[in-house]
Amino acid sequence: MKAAVFQGPGSIAWQDVPDPGVEDPGDAIARVDVVTVCGTDLHILKGDVPEVTPGRVLGHEAVGTVVETGRDVRTVRPGDRVLVSCITACGRCRFCREGRYGQCRGGGGWILGHTVDGTQAEYVRVPFADLSTHPLPSAVDGFDAVLLADIFPTSYEVGVLNGLVRPADTVVVVGAGPIGLVDTTSTPMLLHMPAAGRPPAKELVTHRFELGQMEEAYDVFGRASDTGALKVALGGPQHTAVQVPDPPAAA
């Protein structure tokens, strides 16, 4: 498959890499249908995140279609269309039991595109799929839904909930960025909003690209002051048809 691979500070490449496979019973493999570039990815590209080493597939937010699952996965199955969360949750550690998934100590937290290969690829392995993917209603457009993987729950949890913001409040929006503080516990609730046309996600995605134009998308997003990019999203054309295994025969 093709993927956006970090080459070292200042360089990424859209190149061939091995297809991901199920490594643990809780894994899901998803075909990536829509993906974004995040400000965090730009920090990685600048060399600000030393944990990300050359050879890592970047990206931590996507909409995709499940093509394979490990034997312990219960909430999604091949053929399901899902949101891949920026935060991976084991569901068992103390922090996950408290709903603080971003602080997961059981192998989750922010790992996609950080300590394991991420979503800026044709396929992605999602650990702990039961808590780290969310089934999507068919009526929700992928370019709308992908913003619910990271920036919307981050803004809502850090800005609205932690900031105790209420209707009619006057607020100041500071652009320093709350990424890294999110737990994504609000994602299931927020997923009900796109079908009702809220929030206006399409207005925030200012630039769209095909998946193979990853390097161009990075360039446009990285020069936002010149290009006017608020958010870039990549998707299509479809690269491979999803092959859904036949269900087991009834006993």
Side-chain angles (χ1 to χ4, degrees), residues 1 3-4 17-36 38 40 51-53 55-137 140 142 145-146 148-150 153-154 157 180 182-191 240 242-248:
M1 70 170 187
V17 297
D19 292 347
V22 170
E23 298 179 12
D24 295 300
D27 290 350
I29 307 299
R31 183 192 70 189
V32 174
D33 299 323
V34 182
V35 68
T36 68
C38 180
T40 301
E51 298 88 356
V52 180
T53 55
R56 176 67 65 216
V57 176
L58 300 183
H60 51 269
E61 39 195 327
V63 169
T65 304
V66 176
V67 297
E68 185 181 1
T69 58
R71 66 177 182 271
D72 290 347
V73 177
R74 297 289 181 266
T75 62
V76 295
R77 60 184 180 180
D80 284 353
R81 185 166 168 263
V82 297
L83 177 74
V84 179
S85 175
C86 68
I87 296 296
T88 304
C90 77
R92 298 186 299 271
C93 72
R94 175 172 68 89
F95 291 106
C96 282
R97 293 197 301 271
E98 295 173 354
R100 299 163 65 188
Y101 301 146
Q103 307 303 315
C104 175
R105 291 296 181 269
W110 171 40
I111 60 173
L112 291 173
H114 183 201
T115 58
V116 304
D117 286 340
T119 58
Q120 290 170 3
E122 292 181 317
Y123 292 87
V124 61
R125 179 181 72 93
V126 185
F128 305 114
D130 280 340
L131 284 175
S132 307
T133 62
H134 304 276
L136 283 176
V140 177
V146 73
L148 292 164
D150 188 346
T154 299
E157 292 174 15
V182 67
D183 292 315
T184 66
T185 51
S186 65
T187 301
M189 181 273 291
L190 293 174
L191 278 171
T240 304
V242 177
Q243 299 296 318
V244 180
D246 293 330

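Listed by chain and number, the residues in a side chain to side chain contact (heavy atoms under 4.5 Å, CB included) with Cys96 are Ala89, Cys90, Cys93, Tyr101, Cys104 (sequence neighbours excluded). Considering only residues two or more places apart in sequence or on other chains, Thr69 meets the side chain to side chain donor-acceptor pair (under 3.5 Å) condition with none of them. Residues meeting the side chain to side chain contact (heavy atoms under 4.5 Å, CB included) test with Ser132, sequence neighbours left out: Thr88, Val126, Phe128. Residues forming a side chain to side chain contact (heavy atoms under 4.5 Å, CB included) with Ala30 (at least two apart in sequence, or on another chain): Val124. Residues that satisfy the side chain to side chain donor-acceptor pair (under 3.5 Å) test with Asp130, not counting sequence neighbours, are Thr75. Legend: residues meeting salt bridge (Lys or Arg N to Asp or Glu O under 4.0 Å) with Asp27, ordered by chain and number and at least two apart, are Arg125.
Between atom CD of residue Glu68 and atom OH of residue Tyr123 there is a gap of 11.0 Å, rounded to the nearest 0.5 Å. One distance of note links CG of Leu131 with CD1 of Ile87; it measures 12.5 Å at 0.5 Å rounding.
Nearest approach of Gly70 to Val22, heavy atoms of both residues: CA-CG1, 4.0 Å. Scanning all heavy atoms of the two residues, the minimum distance from Pro135 to Val76 falls at CG-CG1, 4.1 Å. A pairwise comparison of heavy atoms in Leu83 and Ala145 identifies CD1-O, 3.2 Å as the closest pair. When all heavy atoms are compared, the tightest approach of His60 to Thr119 is N-OG1, 3.1 Å. The two atoms that bring Gln120 and Val35 nearest to each other are CG-CG2, 3.9 Å, heavy atoms only.
Annotation: salt bridge (Lys or Arg N to Asp or Glu O under 4.0 Å) contacts involving residues 77-94, sequence neighbours excluded, comprise Arg94-Glu98. Residues in residues 107-117 take part in these salt bridge (Lys or Arg N to Asp or Glu O under 4.0 Å) pairs, two or more places apart or across chains: Arg56-Asp117. Listed by first and then second residue, the salt bridge (Lys or Arg N to Asp or Glu O under 4.0 Å) pairs involving residues 102-111 amount to none (not counting sequence neighbours).
Remark: the backbone N or O of Met1 is paired with a side-chain donor or acceptor of Asp19 at under 3.5 angstrom. At distances below 3.5 Å, at least one donor-acceptor pair connects side-chain atoms of Arg74 with backbone N or O atoms of Arg71. In this structure, the side chain of Glu122 does not engage the main chain of Val32 through any donor-acceptor pair within 3.5 Å.
Residues Leu58 and Val52 have side chains in contact (heavy-atom distance under 4.5 Å, counting atoms from C-beta outward). Residues Thr133 and Val66 fail the side-chain proximity criterion, which asks for heavy atoms closer than 4.5 Å. Between Leu112 and Pro127 there is a side-chain heavy-atom pair separated by less than 4.5 Å.
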